[in-house]
Student: 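Pasting in a structure now, in structure tokens, and then I'll have a few things to ask.
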Amino acid sequence: MKKIAKEIPFQKILAPLSLFVFLVLLLEYLINHDIVQAYLLPRPSEVWWSLTHDTVEYFEATQTTLIEAIAGLALSVVVGISFAALLSVSKWVEATLYPYAIFFQTVPLISIAPVLVIWFGYGIPTVIISAFIVSLFPIIINTLAGIRATDPALQDLFSLYGSTRWQRLMKLRIPYAIPQIISGVKISSGLAMIGAIVGEFIAGGGLGGLIDVSRTQQRLDKVFSAVLIASLLGILMMLALHILTITAFRRWRDLKA
Amino acid sequence: MNHLLSTENTSISLRQVSKDFKGSGRVIENLSLEIPQGQFISLLGPSGSGKTTILKLIAGLENPSSGVVQVPQNHNRFGRGYVFQEPHLMPWRTVLENVALPLELLKVPSPEQKAKALESLELVGLAQSQHLFPHELSGGMRMRVSLARALVSKPQLLLLDEPFSALDEPTRYHLAEELRKIWIQKQMTIVFVTHSLSEATYLTDRAVVFSKNPLRITADIPLNLGLERPASLRIAPEFGKQLTKVFNAFYHEPSTSQKAGLS
């Protein structure tokens with residue numbers, strides 16, 4: 001634990017937190033003195049009141065969103081790594097399939113989300129698919145880069161002992177790519193959260209559904225509470241992955257070994 | 001067309017081998033070299049001369065552009081070991097798992113893998129470090145693990161590509177002495193690529209000196225320094241004599257080959 005504490009210095013938490021507290025107090029002051037209209041931004045105190053009184057509602061929404069985001073991300077990891085492994089097989093396969101990988105990067109989610117509803121219905125599957133679509137590309141790209149960077153000397157060693165393609169992939173290329181896969185997953189974790197919430201806008205449920213419903217009810221306090229929770233979730237997911245990297249994958253630090 | 005032929009013959013033989021690379025042109029030209037079984041031979045040449053390419057040709061990792069590379073049948077997949085300039089271990093595997101890698105790839109049953117890997121680690125004096133990870137080892141220890149990995153399939157042919165060049169001098173001396181002992185014990189062919197004249201003189205029984213651009217043999221020197229070679233041999237007068245021979249061959253190329261090199 002000590003090591004983790006060292007890697008995230010106190011300063012890095014305290015400084016942004018102080019700024020946050022200052023901005024909250026400033027906003028409260030501005031709204032109280034009618035410098036900012038209350039229909040544009042909610043009073044931080046109202047947001048706090050809503051958070052503490054509708055806790056169960058937020059908790060349930062958060063749970064749904066988190067599960068959907070994680071499920072979408074997990075799907076991305078499995079599909080992304082497999083797809084990248086497939087691309088790495090040959091130049092021809094890569095040339096054929098790479099444009100389709102880019103599709104996942106460039107497709108505007110909001111425009112295909114209604115189609116997803118037609119395909120997968122209202123509810124959880126659509127949201128998971130939407131989280132999956134936006135979080136897939138960084139994992140493909142990072143895995144592919146990691147596989148491509150595999151130590152040529154070790155590749156020679158595998159050839160020397162007449163390894164199979166499968167041995168080379170599973171015992172060398174994918175393990176070698178793990179640090180880069182993890183940085184892909186880090187980027188994707190934030191995207192999966194966004195994808196889940198956008199999906200929920202259309203398919204309902206979770207924090208996204210809560211934001212959408214509260215918006216129509218002009219409940220800005222609830223909208224902001226949900227947004228606050230959503231961004232906190234994103235940060236927590238990144239942090240969890242960061243801790244995972246520096247504990248479970250310490251050995252990869254010197255790849256030249 | 002496969003230029004790498006297995007033969008009943010017991011020596012490794014390269015006949016009129018040339019190798020071209022896209023971009024860098026002809027690296028090796030018309031090279032003929034015979035390495036009898038069990039010989040400890042060094043290939044000496046300036047950096048960038050293509051010494052590593054010769055090793056790769058012998059290992060079957062590269063094919064010659066023309067000419068023939070013949071390797072005895074007993075130097076099959078099990079019969080070859082290769083050590084690079086750097087240890088190139090897998091950071092996610094323990095020392096033992098790293099050493100067992102070749103056996104895994106050769107699909108040796110796993111209980112046998114472990115026993116053989118341990119045996120190989122004992123040979124390089126690292127049995128006690130079997131459960132450590134590469135990042136927990138010193139540079140010299142990593143190189144030993146790399147050597148143990150190359151020896152684990154009990155190869156008839158060991159190919160070494162400047163394996164000591166990244167190590168400090170005391171470690172290098174120590175490892176060289178041990179390598180010579182392993183060679184005496186295991187009776188295999190060792191091809192040792194280096195640009196260190198003293199390492200070649202100390203370790204091997206024959207030094208082949210190359211010129212650069214393209215690679216050609218300029219001298220083939222027998223090194224008669226006996227079978228057992230303690231570290232103290234490095235300061236003995238006869239070592240100096242042999243080293244002088246190698247030095248002269250390395251720095252005073254015969255003018256004929258220089259001219260040939262330019263043509």
Side-chain angles (χ1 to χ4, degrees), chain A residues 2-4 6-7 77 81 84-85 88 91 142-143 145-185 241 243-257, chain B residues 4 52-53 55-56 58-63 71 75-95 97-108 132-139 141-143 145-146 149-150 152-153 155 157-159 161-163 166:
Chain A
K2 243 186 182 173
K3 259 192 181 152
I4 298 164
K6 244 186 214 169
E7 301 230 6
V77 170
I81 294 174
S88 74
K91 283 274 164 212
N142 277 272
T143 308
I147 285 177
R148 293 233 178 287
T150 308
D151 186 354
L154 281 172
Q155 302 251 40
D156 276 349
L157 202 69
F158 271 62
S159 305
L160 189 74
Y161 293 107
S163 80
T164 60
R165 264 176 198 273
W166 184 248
Q167 282 178 324
R168 191 182 292 259
L169 183 69
M170 298 310 285
K171 288 182 193 289
L172 177 63
R173 304 188 102 178
I174 289 179
Y176 210 91
I178 279 180
Q180 267 173 288
I181 293 174
I182 301 253
S183 33
V185 174
L241 282 167
I243 289 169
L244 184 74
T245 325
I246 60 178
T247 52
F249 298 106
R250 257 181 313 169
R251 286 173 213 142
W252 270 258
R253 269 180 313 185
D254 53 354
L255 266 178
K256 285 252 158 122
Chain B
L4 188 90
T52 300
T53 308
L55 275 196
K56 288 192 169 177
I58 295 173
L61 293 169
E62 295 278 1
N63 285 319
V71 175
H75 296 175
N76 58 11
R77 291 194 297 143
F78 280 90
R80 291 174 304 202
Y82 201 114
V83 179
F84 307 95
Q85 285 181 42
E86 307 277 334
H88 292 286
L89 304 176
M90 294 173 151
W92 59 89
R93 283 176 174 239
T94 64
V95 165
E97 289 163 351
N98 263 294
V99 174
L101 176 77
L103 302 177
E104 255 178 77
L105 298 179
L106 293 164
K107 301 198 170 116
V108 170
L132 296 180
F133 285 93
H135 73 94
E136 297 171 295
L137 306 177
S138 68
M141 286 164 94
R142 286 180 192 177
M143 209 62 232
V145 176
S146 189
R149 179 177 64 189
V152 77
S153 64
L157 169 65
L158 190 58
L159 302 165
D161 189 2
E162 302 185 36

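Residue numbers begin at 1 in each chain, while the letters A, B, ... track the order of the sequences. Everything quoted here is computed from the prediction, not taken from an experiment.
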Student: Examine whether an atom of B:Arg93 lies under 4.5 Å from a heavy atom of chain A, and if so say whether it belongs to the side chain, the backbone or both; otherwise answer neither.
Tutor: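 Just its side chain gets close to chain A.
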Student: Against chain A, label B:Glu104 side chain, backbone, both or neither, depending on which of its atoms sit under 4.5 Å from a heavy atom there.
Tutor: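 Both backbone and side chain of B:Glu104 come within 4.5 Å of chain A.
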Student: If I measure from the heavy atoms of chain A, does B:Leu101 come under 4.5 Å with its side chain, its backbone, both, or neither?
Tutor: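 Just its side chain gets close to chain A.
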Student: Under 4.5 Å heavy-atom distance to chain B, tell me which part of A:Ile178 shows up: side chain, backbone, both or neither.
Tutor: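 For A:Ile178, no heavy atom lies under 4.5 Å from chain B.
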Student: At a heavy-atom separation under 4.5 Å, does B:Phe84 approach chain A through its side chain, its backbone, both, or neither?
Tutor: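 The answer is the side chain of B:Phe84.
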Student: Please evaluate residues B:Met90 and A:Leu172 with respect to the criterion side-chain contact (heavy atoms from CB on, under 4.5 Å), reporting the C-alpha separation (whole Å), side-chain torsions for both, the decisive distance (0.1 Å), and the verdict.
Tutor: CA-CA 8 Å; B:Met90 294 173 151; A:Leu172 177 63; 3.5 Å; yes
Student: Can you tell me how far the CG atom of B:Leu89 sits from the CG atom of A:Leu154, to the nearest 0.5 Å?
Tutor: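 Rounded to the nearest 0.5 Å, the CG-CG separation comes out at 8.0 Å.
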Student: Using the rule given for side-chain contact (heavy atoms from CB on, under 4.5 Å), can you reason through A:Leu157 versus B:His88, listing the C-alpha separation, both sets of side-chain angles and the distance that settles it, and then say yes or no?
Tutor: CA-CA 10 Å; A:Leu157 202 69; B:His88 292 286; over 6 Å; no
Student: Can you see which heavy atom on B:Trp92 is nearest to which on A:Lys171, and at what distance?
Tutor: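 Heavy atoms only, the tightest pair is CZ2-O, 3.5 Å.
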Student: Can you measure from CG (A:Leu160) to CZ (B:Arg80) and round to the nearest 0.5 angstrom?
Tutor: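 One gets 4.5 Å once the value is rounded to the nearest 0.5 Å.
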